[in-house]
Amino acid sequence: MPDVKLNNGLKMPLLGFGTYGLRGELCQQSVADAIASGYRLIDTAKVYGNEEEVGKAIKQSGIDRKQLFVTSKLWVDDAGYENAKKGFEETLRKLGLEYLDLYLIHRPRGDVKGSWKAMEELYNQGKIKAIGISNFDSAQMADLLSYAKIKPAVNQIETHAYFQQINDYNVLKKHNIQMQAWAPFAEGRNGLFTNEVLTQIAKKYGKTTAQVSLRWHYQRGIVAIPRSSQKGHIIENLDIFDFKLDTADLKAIEKLDLNKTQFPEWS
């Protein structure tokens, strides 16, 4: 699995497995399938309500913990210095792990400054290998950077062909903060899986529109975390390293940008 070096030197896989919407036994089985298929980056969050199942799947896999890159996120309810520390310990307990590779502030709400201070301390204690943010726009990130002693390593934001986040992409590059895409397929909204441009590109390489979408993220240096509960799709989503989108493909995909969220209910 190709990886990227974060701004603190930590290596992060460029393709991972997302778990949003997966619960119970289905979540545990899906994560176990993903690890068995070769995924090493597993992404979860307190608000997904599946940290225990993710932890069980990690244990079940038998993979050396050092080979895995596990991400979770601090929810809004746990914002603030003391609450963030408690929230982190709860996440660690549910996952059954001794440390996290990456811990993100899930949304820029509540006492972000207090949360970040707590996360910096946990980072300095070695309980988190890298700290970052999620769903922060450029202005919100600039505010955090004004007081942060440790720069965020990652910003995880909605990114896909219909919402390419060009401005954030450039700002994050400038600050050497890794961009990570949630919903790299836009969850199929607005007909992404049957989009004519993506379908034609997919035919050209004997691939699927999903694989073309993931390859597009990969070639732009964006870490994507596709989610699936179907083993065939879990394996298929990994198979993106034997072809390359050319300049014409990239320009065609660039034109698909609607420059607006496909998830207004989450804004």
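Just so it is clear, the structure is predicted and the values come from calculations on it, not from any experiment. Quick note: numbers below take in every heavy atom, side chains included, and nothing from hydrogens, waters or symmetry partners. Sequential numbering from 1 along the given sequence is applied to the chain's residues.
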field: Audit row: Arg215, Gln211, side chain to side chain donor-acceptor pair (under 3.5 Å) steps and yes/no
entry: CA-CA 6 Å; Arg215 181 73 201 189; Gln211 288 168 326; over 6 Å; no

Electrostatic pair [X]-[Y], nearest N-O below 4.0 angstrom:
X	Y	value
Asp246	Lys204	yes
Glu121	Lys85	yes
Arg93	Glu98	no

Would you verify whether the NZ or CZ of [X] falls within 45 degrees of the ring axis of [Y] while also being under 6.0 Å from that six-membered ring's centre?
X	Y	result
Arg220	Tyr169	yes
Lys129	Tyr123	no
Arg65	Tyr99	yes
Arg227	Phe17	no

Rounded to the nearest 0.5 Å, what's the gap from [atom1] on [X] to [atom2] on [Y]? Could you check?
X	Y	atom1	atom2	answer
Leu145	Ile177	CG	CD1	5.0 Å
Ser213	Ile240	OG	CD1	10.0 Å
Leu214	Leu14	CG	CG	11.5 Å
Arg40	Ser61	CZ	OG	7.5 Å
Leu100	Phe69	CG	CZ	9.5 Å
Lys207	Leu245	NZ	CG	11.0 Å

- request: Not counting sequence neighbours, list each pair that qualifies as a side chain to side chain donor-acceptor pair (under 3.5 Å) and has a residue in residues 170-181.
  value: Gln156-Gln180

Derivation and outcome, side-chain contact (heavy atoms from CB on, under 4.5 Å), residues Phe263 and Trp182: CA-CA 11 Å; Phe263 300 89; Trp182 61 256; 3.7 Å; yes

- request: For a salt bridge (charged side-chain N to carboxylate O under 4.0 Å, His left out) with Lys46, tell me which candidate from Glu89, Glu90, Glu52 qualifies.
  value: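 Among the candidates, only Glu90 passes.
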
message: According to ring-ring contact (aromatic ring centres under 6.0 Å, His included), who are the partners of Phe163, at least two apart in sequence or on a separate chain?
response: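 Testing Phe163 for ring-ring contact (aromatic ring centres under 6.0 Å, His included), a comparison that skips the adjacent residues, returns none.
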
Crowding at [atom1], [X] (>12 non-hydrogen neighbours, <6.0 Å):
X	atom1	answer
Gln67	CD	yes
Lys151	NZ	yes
Glu25	CD	no

- prompt: With distance as the sole test, does Gln29 use its side chain to make a donor-acceptor pair with the main-chain N or O of Leu26 at under 3.5 Å?
  reply: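 No, Gln29 side chain to Leu26 backbone: no donor-acceptor pair under 3.5 Å.
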
task: Using side chain to side chain donor-acceptor pair (under 3.5 Å) as the criterion, point out the one residue from Asp257, Asn195, Asn259, Thr261 that pairs with Tyr162.
output: Asn195

- prompt: Can Leu74 and Asn83 be said to form a side-chain contact (heavy atoms from CB on, under 4.5 Å), step by step?
  reply: CA-CA 10 Å; Leu74 179 80; Asn83 284 343; over 6 Å; no

field: Nearest heavy-atom neighbours spanning Ala183 and His160
entry: O-CD2, 3.3 Å

- prompt: Do Thr44 and Thr71 come close enough that some side-chain heavy atom pair is under 4.5 Å?
  reply: no

